[in-house]
Amino acid sequence: MLDIKFVRENPDAVDEAMANRQTSWDRERFFALDEERRSVITQVEELQATRNAESKKIGALMREGKRDEAEAAKEAVRKVNDEIDGLAERRSALEGELADFMAHLPNIPGSATPVGVDESENPERRRWGVPRDFAAEGFEPKAHWDLGTDLGILDFDRGSKLSGARFTVLAGAGALLDRALENFFLNTHISRGFTEFTPPVIVNREIMYGTGQLPKFEDDAYHTGEDQFLIPTAEVALTNLHAGEILDGADLPLRYTAGTPCFREEAGSAGRDTRGIIRQHQFTKVEMVKFARPEESDAELESMTAEAEYLLQQLGLPYRVISLCTGDLGFSARQTYDIEVWLPSYNSYKEISSCSNCGDFQARRANIRYREPESFKGTRYVHTLNGSGLPTGRTMAAIMENYQNADGTITVPEVLRPYMGGMEVIGA
């Protein structure tokens, strides 16, 4: 959530930010709500002063025996109280409208975020690895959905039978590979300074609100009840571990990780990536979340992105890193790097990790502050960051396609073999 004081004092900057995001905001409505709310507060303060003055008179008039005047003063106080009650109701309604208005405003892009209209204007930052030349090896590579079906490790028909479209059953070496990837990702993060958590996968409405999934993206979430949801990513749970808390600045930055099942309705993605396991309603993902001082969050974004890159490098998967432009930036993010892995079936790079610095946007929604008495008085909002490190499904698809052999088998990357009981080849 944006700082309402900043919005009030810098409406032109908000105009520019929203235009760069290819969206708009109702500037007039904001100021109408904000000004009426402030007017109501002023009126209440004035009425309270009047009530206090009249109340003081009552005691003095009673002592002087001026009962009629005292009763008149009491009646005046009752009328003032009625006016205050009415204004309190109006203030509550206005604050609710203003809170809802602010909840729908996306974050303001950071200065390092390139300005652009859409994903076609996302600049590439770097590449690692070289895509394999299958033609030089004398065979045509298969897509992972064909490989998986032929090897009996991906069962799309039974996934659909059990749950519908975009659900897949992993079998045998497929299930083992998925589990091996999750353990490899988690163990790597832990060895590099992250603390592991196993959070609930069902969270309350205010938790989804805290990270920005609600109210704007409610249609993409799986409801388990009126006010509970299946998490779309462990970011939701990990970030809100400290909702409503004041952290010790000496402990920052905090670096957390969790591997969880994730659930997304994908309401706005009809027709996209319908084949294979690239875009599923249920998938496993290892997530990274950080809490940092504002002055350190940019550096923490770079190191978080490097963490996800390190995993791909260990797996030997070619990838590239791009910066999301303002028109492609996520709702809660101020700056984002996407890492895209090479997939032969697409003959292009496909997103596998998204690492974002949200600034204090989520911290304001979830009320996460920190205290550092030696540096400043009171408390300040932390900066939150999140990143995929990594989803097992998309990584599995990349491994299957990039490590396939001419005979239809799949070579297991060396770093995963200890997690797979020494298995070197799937389908041998």
A.B. asks: Counting N and O atoms only, with roles assigned by atom type, does the side chain of Asp227 sit under 3.5 Å from a partner on the main chain of Asn204, one being a donor and the other an acceptor?
C.D. replies: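 Pair absent, no side-chain N/O of Asp227 close to backbone of Asn204.
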A.B. asks: Look up atom OG in Ser375 and atom OH in Tyr370, then write down how far apart they are to the nearest 0.5 Å.
C.D. replies: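 If we round to the nearest 0.5 Å, Ser375:OG and Tyr370:OH are 7.5 Å apart.
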A.B. asks: Return yes if some donor-acceptor pair links the side-chain N/O of Thr257 with the main-chain N/O of Met288 below 3.5 Å, else return no.
C.D. replies: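 Side chain of Thr257 to backbone of Met288: no pair is present.
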A.B. asks: For Phe263 and Phe229, I'd like to know if the aromatic rings sit close, meaning centre-to-centre distance below 6.0 Å.
C.D. replies: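 Aromatic pair excluded; centres sit 6.0 Å or further apart.
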A.B. asks: So, for Phe361 and Asn107, which heavy atoms are closest and what is the spacing to 0.1 Å?
C.D. replies: CB-ND2, 3.3 Å
A.B. asks: Determine the minimum heavy-atom distance between Glu300 and Ala292, stating which atoms define it.
C.D. replies: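 Minimum heavy-atom separation between Glu300 and Ala292: CG-CB, 4.0 Å.
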A.B. asks: Let me confirm one number: the CD-OG1 distance from Glu182 to Thr395, rounded to the nearest 0.5 Å.
C.D. replies: 11.5 Å
A.B. asks: Output yes when Arg158 and Asp155 qualify as a salt bridge under the 4.0 Å nitrogen-oxygen rule, no when they do not.
C.D. replies: yes
A.B. asks: Under 3.5 Å, is there a donor-acceptor pair linking the side chains of Gln314 and Thr188?
C.D. replies: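 No, Thr188 and Gln314 have no side-chain donor paired with an acceptor closer than 3.5 Å.
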A.B. asks: Is the side chain of Arg51 donor-acceptor paired with the backbone N or O of Asn81 at a distance under 3.5 Å, no angle test?
C.D. replies: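 Side chain of Arg51 to backbone of Asn81: no pair is present.
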A.B. asks: Is there a side-chain contact between His144 and Leu343 (heavy atoms, below 4.5 Å)?
C.D. replies: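 No, their side chains stay 4.5 Å or more apart.
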A.B. asks: Run the ring-centre check on Phe134 versus Phe139 and record whether the distance is less than 6.0 Å.
C.D. replies: yes
A.B. asks: Is the Lys NZ or Arg CZ of Arg125 less than 6.0 Å from the centre of Tyr337's six-membered ring, within 45° of the axis?
C.D. replies: no
A.B. asks: Count the heavy atoms of every other residue, nucleotide or ligand shown that sit under 6.0 Å from CD of Glu374, and state whether that count exceeds 12.
C.D. replies: yes
A.B. asks: Evaluate the side-chain proximity of Asp26 to Phe30: yes if any heavy-atom separation is below 4.5 Å, no if none is.
C.D. replies: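 Counting from C-beta outward, Phe30 and Asp26 never come under 4.5 Å.
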A.B. asks: Which label fits Tyr349 and Trp342: parallel for a plane angle under 30°, tilted from 30 to 60°, or perpendicular past 60°?
C.D. replies: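 Plane angle over 60°, so perpendicular.
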A.B. asks: Determine whether Glu340 and Lys350 make a side-chain contact, defined as any pair of heavy atoms from C-beta on separated by less than 4.5 Å.
C.D. replies: no
A.B. asks: Just checking Asp157: does its CG atom have more than 12 heavy atoms from other residues, nucleotides or ligands closer to it than 6.0 angstrom?
C.D. replies: no
A.B. asks: May I ask you to check whether His383 and Ser297 show a side-chain donor-acceptor distance below 3.5 Å?
C.D. replies: yes
A.B. asks: Would you check if the side chain of Glu218 reaches a backbone N or O of Pro215 as a donor-acceptor pair within less than 3.5 Å?
C.D. replies: no
A.B. asks: Would you find more than 12 non-hydrogen atoms of other residues, nucleotides or ligands less than 6.0 Å from Glu196 atom CD?
C.D. replies: yes
A.B. asks: So, applying side-chain hydrogen bond (donor to acceptor under 3.5 Å, both in side chains) with Tyr256, which one of His189, Glu287, His242 is it?
C.D. replies: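 Looking at His189, Glu287, His242, the match for Tyr256 under the side-chain hydrogen bond (donor to acceptor under 3.5 Å, both in side chains) is His242.
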A.B. asks: For the residue pair Thr392 and Phe185, establish whether any side-chain heavy-atom pair is separated by less than 4.5 Å.
C.D. replies: yes
A.B. asks: To the nearest 0.5 Å, what is the distance between OH (Tyr222) and CD1 (Ile202)?
C.D. replies: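 Answer rounded to 0.5 Å: 14.0 Å.
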A.B. asks: Can you tell me how far apart OG (Ser303) and CZ (Arg255) are? Round to the nearest 0.5 Å.
C.D. replies: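 Between Ser303 OG and Arg255 CZ, I get 5.5 Å after rounding to 0.5 Å.
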A.B. asks: Any salt bridge between Arg27 and Asp12, counting N to O under 4.0 Å?
C.D. replies: yes
A.B. asks: Fit a plane to each ring of Trp25 and Phe31, take the angle between them on a 0 to 90° scale, and name the class: parallel (under 30°), tilted (30 to 60°) or perpendicular (over 60°).
C.D. replies: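 Tilted.
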A.B. asks: Backbone N or O of Asn405 within a donor-acceptor pair of the Thr409 side chain at under 3.5 Å?
C.D. replies: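 No: the side chain of Thr409 does not pair with the backbone of Asn405.
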A.B. asks: I'd like to know if the side chain of Arg365 and the backbone of Tyr209 have a donor-acceptor N/O pair within less than 3.5 Å.
C.D. replies: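 Side chain of Arg365 to backbone of Tyr209, a donor-acceptor pair under 3.5 Å: yes, one is there.
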A.B. asks: Taking atom types as modelled, find out whether Tyr419 and Asn187 have a side-chain donor-acceptor pair closer than 3.5 angstrom.
C.D. replies: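 Side chains of Tyr419 and Asn187: pair found under 3.5 Å.
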A.B. asks: Is the backbone N or O of Gln48 less than 3.5 Å from a side-chain atom of Asn52, with the two atoms forming a donor-acceptor pair by type?
C.D. replies: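 Side chain of Asn52 to backbone of Gln48, a donor-acceptor pair under 3.5 Å: yes, one is there.
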A.B. asks: Evaluate the side-chain proximity of Asn357 to Asp298: yes if any heavy-atom separation is below 4.5 Å, no if none is.
C.D. replies: yes
A.B. asks: Walk me through it: do Arg90 and Glu36 pass the test salt bridge (charged side-chain N to carboxylate O under 4.0 Å, His left out)?
C.D. replies: CA-CA 10 Å; Arg90 180 57 184 156; Glu36 185 180 355; 2.9 Å; yes
A.B. asks: Quick one: pull up CZ in Arg205 and CD1 in Ile207 and give me the separation to the nearest 0.5 Å.
C.D. replies: 12.5 Å
A.B. asks: Going through the distances and angles, do Arg264 and Asp220 end up as a side chain to side chain contact (heavy atoms under 4.5 Å, CB included)?
C.D. replies: CA-CA 6 Å; Arg264 296 181 186 175; Asp220 284 329; 5.8 Å; no
A.B. asks: What are the two closest heavy atoms between Phe197 and Leu238, and how far apart are they?
C.D. replies: CB-CD2, 3.8 Å
A.B. asks: What are the two closest heavy atoms between Val80 and Leu47, and how far apart are they?
C.D. replies: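 Shortest heavy-atom contact: CG1-O, 3.4 Å.
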A.B. asks: Is it the case that the side chain of Asn402 and the backbone of Ala398 share a donor-acceptor pair, with hydrogens and angles ignored and the cut-off at 3.5 Å?
C.D. replies: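 Between the backbone of Ala398 and the side chain of Asn402 there is a qualifying donor-acceptor contact (under 3.5 Å).
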A.B. asks: Under the side chain to side chain contact (heavy atoms under 4.5 Å, CB included) test, which residues partner Glu89, sequence neighbours left out?
C.D. replies: none
A.B. asks: Does any non-hydrogen side-chain atom of Gln362 lie less than 4.5 Å from one of Thr211?
C.D. replies: yes
A.B. asks: Taking atom types as modelled, find out whether Asp338 and Ser354 have a side-chain donor-acceptor pair closer than 3.5 angstrom.
C.D. replies: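 Yes, side-chain donor-acceptor contact under 3.5 Å.
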A.B. asks: Can you name the closest pair of heavy atoms from Asn367 and Arg369 and give their distance?
C.D. replies: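 So the two residues come closest at OD1-NE, 3.2 Å.
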A.B. asks: Just by distance, do the side chain of Thr233 and the backbone of Cys262 share a donor-acceptor pair under 3.5 Å?
C.D. replies: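 Answer holds: no.
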A.B. asks: Contact between Pro318 and Val130 at the side-chain level, heavy atoms closer than 4.5 Å - yes or no?
C.D. replies: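 They are not in contact (no side-chain heavy atoms under 4.5 Å apart), so the answer is no.
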A.B. asks: Within the structure provided, determine whether Glu372 and Arg380 are in side-chain contact (heavy-atom separation under 4.5 Å).
C.D. replies: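 A side-chain contact is absent here, since even the closest heavy-atom pair is not under 4.5 Å.
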A.B. asks: If only side-chain N and O atoms count, and only distance matters, is there a donor-acceptor pair under 3.5 Å linking Gln43 with Ser39?
C.D. replies: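 Short answer, yes.
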A.B. asks: From Ser323 OG over to Glu124 CD, what is the distance, rounded to the nearest 0.5 angstrom?
C.D. replies: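 That separation rounds to 10.5 Å.
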A.B. asks: Nearest heavy-atom pair of Phe167 and His281: which atoms, and what distance?
C.D. replies: CZ-CB, 3.4 Å
A.B. asks: Salt-bridged, Arg37 to Glu97, with N to O below 4.0 Å?
C.D. replies: no
A.B. asks: Tell me if a side-chain donor or acceptor on Asp100 pairs with a main-chain N or O of Gly96 at a distance below 3.5 Å.
C.D. replies: no
A.B. asks: Please identify which of these residues, Leu311, Val286, Leu317, meets the side chain to side chain contact (heavy atoms under 4.5 Å, CB included) condition with Leu390.
C.D. replies: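 That would be Leu311.
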